[in-house]
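Right, one structure below, let's go through it.
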Protein chains: 2
Amino acid sequence: MVQDSDAFAADLLRGHTDTIVLGVLRRGESYGFEIYKTIRDATGGAHEIKEATLYATYRRLEKDGLVESFWGDETQGGRRKYYRITDAGRAVYARNVAAWAATRDIIDSLLIERH
Amino acid sequence: MVQDSDAFAADLLRGHTDTIVLGVLRRGESYGFEIYKTIRDATGGAHEIKEATLYATYRRLEKDGLVESFWGDETQGGRRKYYRITDAGRAVYARNVAAWAATRDIIDSLLIERH
DNA sequence: TCGATTACTTGATGAGATACAGTACTCGAC
DNA sequence: GTCGAGTACTGTATCTCATCAAGTAATCGA
């Protein structure tokens, strides 16, 4: 739906979710809902990544061995599942950031008029 | 498949294909295969958008009224279907470029370390 | 106690990109 | 004179990712 700017905005972030989550975890362990809030707040609410999207992302990252998870030992309060980035995750993160920089410049050159 | 850098590269362009095609057509009429070559050459072969993807994109853009098409009058040689951007297409293009710039900066801020 | 917030889960849906296969014409090399 | 490479377009099936929608369950302030 090209004409729907909200739907379009969602698709603009597509493909970057994994890398964004890895970027958050690179600064330290965190749990699902906190990662969600970190991303939401970092964009000033402009580009929220939906909870369902993120929880699916965590599962994918863990399946691929890029993060590992463990339940927090909160004796009271709701349970929290924590995530920690692995060495493989750090390697993929570095590679993806480099790929992003290259792609960003390519799209820029395709879209922005040269003079 | 996060670990597959080719598949990942593809997903980085995802959501921008429409805008990239509109960007090419904004410089003048062109036909399907030529648009494909223009994009492939502009990226130095680093980010080829597959033919099947582009032909699907043309159909979507035409359905949405962002481009119009007509068959070239090649009396000999293979037939070519030409595309021309519409006023609606130009408006969407302008909007999408602005959206791209905003998203680019957000992803940058999420991925690139501040200091 | 009641609603808002925190925190996580699951199933269904849909769009976009690609794989794969196919049709058909042109043109240079051998 | 034909064979392969390149040009040019089409259609179908499949996959991933993002989201919607709905749900479970606990905490906490008014």
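Owing to the predicted nature of the structure, the values given are computational and were not obtained by experimental measurement. Chain letters run A, B, ... following the sequence lines, proteins first, then strands; residues in each count from 1.
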Legend entry - N/O (side chain, B/Tyr31) to phosphate O (OP1/OP2, D/dA8) under 4.0 Å: yes
Legend entry - Nearest to side-chain heavy atoms of A/Arg79, which nucleotide of C/dT18, D/dA8, C/dT9: C/dT9
Legend entry - d(CD, B/Glu51; C1', C/dC20) in whole Å: 12 Å
Legend entry - Under the side-chain hydrogen bond (donor to acceptor under 3.5 Å, both in side chains) test, residues paired with B/Arg104 that sit two or more places apart: A/Asp108
Legend entry - D/dT10 OP1/OP2 closer than 4.0 Å to side-chain N/O of B/Tyr55: no
Inset, instruction - Send over the distance from A/Arg80 CZ to C/dT6 C1', rounded to a whole Å. - result: 8 Å
Would you be so kind as to tabulate the donor-acceptor pairs closer than 3.5 Å made by side chains of residues 51-58 of chain B, with sequence neighbours excluded?
unit_1  : atom_1 : unit_2  : atom_2 : d
B/Thr57 : OG1    : B/Thr53 : O      : 2.8
B/Thr57 : OG1    : B/Arg60 : NH2    : 3.4
B/Tyr58 : OH     : B/Gly32 : O      : 2.9

Legend entry - Pairing of A/Glu68 and A/Arg84 as salt bridge, 4.0 angstrom limit: yes
Inset, instruction - Report the nucleotide, chosen from C/dG16, C/dT10, D/dC9, that has the shortest atom-to-atom distance to any side-chain atom of B/Arg60. - result: C/dG16
Inset, instruction - With DNA chain D as reference, determine whether A/Leu54 or B/Arg59 sits nearer its 5' end, using the nearest nucleotide of each. - result: B/Arg59
Inset, instruction - Could you check how far NZ of B/Lys37 sits from C1' of D/dG6, rounded to whole Å? - result: 9 Å
Legend entry - For atom CG of A/Leu61 and atom C1' of D/dC17, their distance in whole Å: 12 Å
Inset, instruction - Between D/dA21, C/dA17, D/dC9, spot the one nearest the side chain of B/Thr53, thanks. - result: C/dA17
Inset, instruction - Please tell me which of the listed nucleotides, D/dT10, C/dT18, C/dT6, lies nearest to the side chain of A/Phe33? - result: C/dT6
Inset, instruction - Could you work out which one of D/dA18, C/dA7, C/dA17 sits closest to the side chain of A/Thr17? - result: D/dA18
Inset, instruction - Side-chain contact test, heavy atoms from C-beta onward, threshold under 4.5 Å: evaluate it for B/Lys50 versus B/Tyr36 and give yes or no. - result: no
Legend entry - Rounded interatomic separation in angstrom, taking CZ from B/Phe70 and P from D/dA8: 15 Å
Legend entry - Distance-minimising heavy-atom pair for B/Trp100 and B/His16: CE3-CE1, 3.4 Å
Legend entry - Nucleotide C/dG16, atom P - distance to NE2 of B/His16 in whole Å: 13 Å
Legend entry - Contact check, side chains of B/Tyr93 and B/Leu66, non-hydrogen atoms, under 4.5 Å: no
Inset, instruction - Check every strand shown and say whether A/Tyr36 touches a base, only sugar-phosphate, or nothing at a heavy-atom separation below 4.0 Å. - result: nothing
Legend entry - Listed nucleotide nearest any side-chain atom of B/Ile49, set D/dA8, D/dC17, C/dT18: C/dT18
Inset, instruction - Assess whether one donor atom and one acceptor atom, taken from the side chain of A/Arg14 and the base of D/dT16, lie less than 3.5 Å apart. - result: yes
Legend entry - Separation of C/dT6 P from A/Lys81 NZ (nearest whole Å): 20 Å
Inset, instruction - Describe the nucleic acid contact of B/Glu34 in one word from base, sugar-phosphate, nothing, applying a heavy-atom distance below 4.0 Å. - result: nothing
Legend entry - A/Tyr82 OH - C/dC8 P separation (whole Å): 8 Å
Inset, instruction - For the side chain of B/Lys50, starting at C-beta, report the closest nucleotide among C/dA19, C/dC8, C/dG16. - result: C/dA19
